[in-house]
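Below is one structure, written out as structure tokens, with a few remarks after it.
None of the values given here were measured: they were computed from a predicted structure. Start at 1 and go down the list; that is how both ligands and their atoms are numbered.
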Amino acid sequence: MAKEKGDKKRSDAQAAQAGLAALSPFELKDELIKAAGGGAVERPANAAMLNAGRGNPNFLATIPRHGFWQLGLFAMRESERSFAYMPEGVGGFPRRDGLEERFDLFLRENRGVPGIDFLRGAVSYVRDQLGLSAGDFLYEMCEGILASNYPVPDRMLKLSEIIVGQYLRREMIGKHPFVGEFDIFAVEGGTAAMTYIFNTMRENHLIKAGDTIALGMPIFTPYIEIPRLNDYQLKVVNLEADVANGWQYSKKELDKLRDPKVKAFFLVNPSNPPSVKIDDASLEHIADIVAERPDLILLTDDVYGTFADNFVSLFALAPKNTILVYSYSKYFGATGWRLGAVATHRDNVLDRLLGELPADAKKQLHTRYESITTEPDKLKFIDRLVADSRTVALNHTAGLSTPQQVQMVLFSLFSLMDTPDAYKNALKRLIRKRKQALYEEVGISFEDDDPNQVDYYTIVDIEFLGERAYGREFVDWLLKNTEPSELLFRLAREARVVLLPGRGFGTQHPSGRVSLANLNESDYRQIGRAMRKLIEEYVERFNAATGSKLDKTRVK
Ligand SMILES: *Cc1c(COP(=O)(O)O)cnc(C)c1O
């Protein structure tokens with residue numbers, strides 16, 4: 001009787017686990033938060049819970065935000081100046097004549113106010129370093145921040161595109177040789193970039209149901225989930241990065257891209273969740289494969305590139321084949337702003353493949369886009385992204401809101417002007433100190449001399465770390481005697497610590513993703529201690545069950 005009851009309890013638990021196994025890590029996080037007593041909604045006021053599941057940083061860039069608000073005050077002055085005074089609250093557009101002089105006056109009047117020095121520096125950078133007209137720049141920014149016109153051009157405001165282009169060049173290409181120019185589409189974060197790219201590739205027959213794409217695993221979960229949707233029905237080849245190989249892809253894995261069936265390769269670099277940038281040899285290996293397979297489409301999501309040392313994007317090595325996705329969310333602590341960019345080289349494989357489509361597909365696409373251009377066959381892939389983002393028919397009101405573009409430009413200029421990399425180095429110090437605090441408390445040492453490690457996240461790989469600390473026998477026992485996500489739920493229930501399951505990102509071993517971006521150092525110490533306590537308890541249980549005599553306090 002008792003046994004039956006036990007079995008029933010166990011099968012209920014298994015059923016619950018099976019249901020949970022189907023959840024994306026972000027949905028499972030909500031279950032973990034409930035287990036941690038946090039309720040369905042995350043509340044910052046819930047101080048007792050330590051939620052390291054979120055990628056959302058707890059830091060943000062203040063200087064370019066100060067600049068934004070001061071610029072807004074100046075633009076308001078311009079608007080009210082351009083109309084005869086109307087007490088009802090009616091203003092007008094800024095005026096181009098004398099704009100620079102009035103801006104200088106505004107800066108003088110507000111000397112010492114936060115954001116003013118930054119704006120002065122930004123205008124002089126635009127004029128002296130980029131060789132653009134300061135007046136035209138100020139006009140674009142004032143009009144943009146007042147948001148009194150639709151975004152024109154819809155893909156991106158003109159000077160804004162040049163400035164964001166310089167930023168992407170500095171952060172993603174650096175000193176790597178790069179021939180030619182690229183176009184940018186300003187979008188509502190990396191999220192919109194992904195949605196738009198998948199959709200336009202399908203609408204334009206670059207990927208169709210049954211086609212094969214490759215994913216660099218483990219990867220940000222949506223890249224796993226989108227291809228499976230009914231909308232896409234893609235076959236997927238996984239390229240596996242191995243924890244034992246410092247989360248790099250072996251040549252053998254990369255060689256899967258040589259298969260002509262693989263139409264596109266989607267990569268997050270530096271990766272999420274291992275948070276490791278691809279090493280130079282692998283980047284070059286991919287570039288070599290592309291040289292042999294000039295039809296291969298690459299997408300690189302470089303959201304974390306700015307956190308890496310000496311980062312070079314795949315976009316720099318294979319510019320003609322690569323769609324670059326970038327987001328301002330993480331580096332500037334700006335997830336609520338929704339700021340991202342898609343970039344493609346002016347001479348790219350996508351446009352070439354569009355030109356080589358069969359006649360019937362071309363005819364259909366001609367019809368699709370003929371309402372927006374007299375030469376639909378020549379419409380570039382990136383402009384198709386813009387049109388498709390608003391169901392083609394609303395192309396004339398497409399584009400990212402202009403105040404968003406202004407903040408994007410100010411973030412970019414802030415970074416371009418910071419030649420000593422003070423902001424960047426401060427962020428790197430911050431996340432790396434948190435990681436050190438975490439592992440110190442866990443008591444398992446980790447290699448910290450890998451120059452490719454980025455440390456925005458860290459994966460606590462039970463199998464890899466457990467084996468190193470306590471041996472293979474212990475790990476085998478642990479895996480056999482614990483349910484998937486049991487450790488994560490126990491951490492949530494007993495220590496109120498929330499991590500995301502690595503499995504949801506396609507890791508090979510059971511693991512937890514700890515975001516190093518969203519809590520304070522003392523919190524990471526507390527998380528480390530909770531993990532240590534849990535591990536020690538399992539070591540005791542292992543000793544009791546097997547008669548072994550592992551020293552649970554062993555530190556490696
Ligand atoms: C956070 C993240 C995104 C989403 O970025 P948003 O700009 O906030 O939409 C995209 N890709 C990766 C790899 C991310 O980690």
Side-chain angles (χ1 to χ4, degrees), residues 24-27 29 42 51-61 156 164 167-168 171-172 184-199 215-227 239 241 247 265-278 298-308 311 313-315 322-343 385 389 400-401 404-405 407-408 411-412 415 427 431 453-459 499-502 504-507 513-518:
S24 110
F26 302 100
E27 311 300 336
K29 174 199 69 189
E42 294 163 64
N51 183 358
R54 307 201 64 187
N56 199 115
N58 72 344
F59 48 76
L60 58 93
M156 192 164 188
V164 167
Y167 169 68
L168 294 178
E171 296 294 342
M172 305 289 129
I184 306 173
F185 175 20
V187 293
E188 302 84 353
T191 296
M194 291 171 63
T195 301
Y196 297 162
I197 291 166
F198 270 103
N199 178 51
L215 293 179
M217 300 291 277
I219 196 166
F220 183 48
T221 320
Y223 287 103
I224 304 174
E225 294 173 338
I226 294 171
L239 274 57
W247 291 110
F265 174 44
F266 290 64
L267 175 72
V268 173
N269 182 35
S271 51
N272 173 4
S275 206
V276 169
K277 72 167 184 177
I278 292 196
L298 308 173
L299 179 149
T300 190
D301 177 335
D302 295 357
V303 168
Y304 300 101
T306 48
F307 293 93
F311 183 69
S313 171
L314 191 53
F315 185 58
T322 304
I323 306 170
L324 172 69
V325 170
Y326 180 70
S327 160
Y328 288 73
S329 285
K330 310 287 166 44
Y331 191 51
F332 297 95
T335 48
W337 260 114
R338 315 309 300 127
L339 303 178
V342 179
L385 278 180
S389 76
L400 186 66
S401 90
Q404 282 173 286
Q405 296 197 48
Q407 183 69 86
M408 193 189 279
F411 282 150
S412 300
S415 179
L427 290 192
I431 55 179
Q453 251 171 33
V454 174
D455 301 330
Y456 191 93
Y457 304 105
T458 182
I459 289 190
L499 312 181
L500 290 195
F505 299 85
T507 60
R513 181 189 88 166
V514 183
S515 165
L516 296 167
N518 77 337

(message) Can a side-chain donor-acceptor contact be found between N269 and T300 if the only test is distance below 3.5 angstrom?
(response) no
(request) Classify the side-chain pair R338/T191 by whether it contains a donor and acceptor separated by less than 3.5 Å. (result) yes
(message) With rounding to the nearest 0.5 angstrom, report the CE to OH distance, M217 to Y223.
(response) 13.0 Å
(request) For atom 15 (O) of ligand 1, grab the closest protein heavy atom and report residue, atom and distance to one decimal in Å. (result) Y304 OH, 2.5 Å
(request) May I ask you to check whether Y328 and Q404 show a side-chain donor-acceptor distance below 3.5 Å? (result) no
(message) I need the atoms of ligand 1 closer than 4.0 Å to a non-hydrogen atom of G189, numbered in the order shown.
(response) 7 (O), 9 (O)
(request) Within a distance under 4.0 Å of any heavy atom of V303, pick out the atoms of ligand 1 and give their elements. (result) 10 (C), 11 (N), 12 (C)
(request) Could you list the atoms of ligand 1 found under 4.0 angstrom from a heavy atom of G190? (result) 5 (O), 6 (P), 7 (O), 9 (O)
(request) Taking only heavy atoms of S327 into account, list the atoms of ligand 1 that are under 4.0 Å away from them. (result) 5 (O), 6 (P), 7 (O)
(message) Check for me whether Y328 has a heavy atom closer than 4.0 Å to any atom of ligand 1.
(response) no
(request) Just need the protein heavy atom nearest to atom 14 (C) of ligand 1, so name the residue and atom and give the distance. (result) K330 NZ, 3.1 Å
(request) Just jot down the ligand 1 atoms closer than 4.0 angstrom to any heavy atom of N272, in number order. (result) 15 (O)
(message) Donor-acceptor pair, distance only, cut-off 3.5 Å: does the side chain of Q405 make one with the backbone of L400?
(response) yes
(message) Polar contacts were defined as any N/O atom of the residue lying under 3.5 Å from an N/O atom of the ligand; does this apply to V268 and ligand 1?
(response) no
(message) Among all protein heavy atoms in this structure, tell me which lies nearest to atom 8 (O) of ligand 1, with the distance rounded to 0.1 Å.
(response) S329 OG, 2.7 Å
(message) Can you see whether E171 engages S415 through a side-chain donor-acceptor pair at a distance of less than 3.5 angstrom?
(response) yes
(message) Considering D301, L339, T335 one by one, which has a heavy atom nearer to atom 12 (C) of ligand 1 than any of the others?
(response) D301
(message) Taking only non-hydrogen atoms of R338, do any sit less than 4.0 angstrom from ligand 1?
(response) yes
(message) Under a 3.5 Å cutoff, is there a donor and acceptor pairing between the side chains of N56 and T335?
(response) yes
(message) If the cut-off is 4.0 Å to any non-hydrogen atom of T191, which atoms of ligand 1 fall inside it?
(response) 4 (C), 6 (P), 9 (O)
(request) Could you list the residues that satisfy ring-ring contact (aromatic ring centres under 6.0 Å, His included) with F411, not counting sequence neighbours? (result) F332
(request) State, without any angle test, whether Y304 and Y457 hold a side-chain donor-acceptor pair at a distance under 3.5 Å. (result) yes
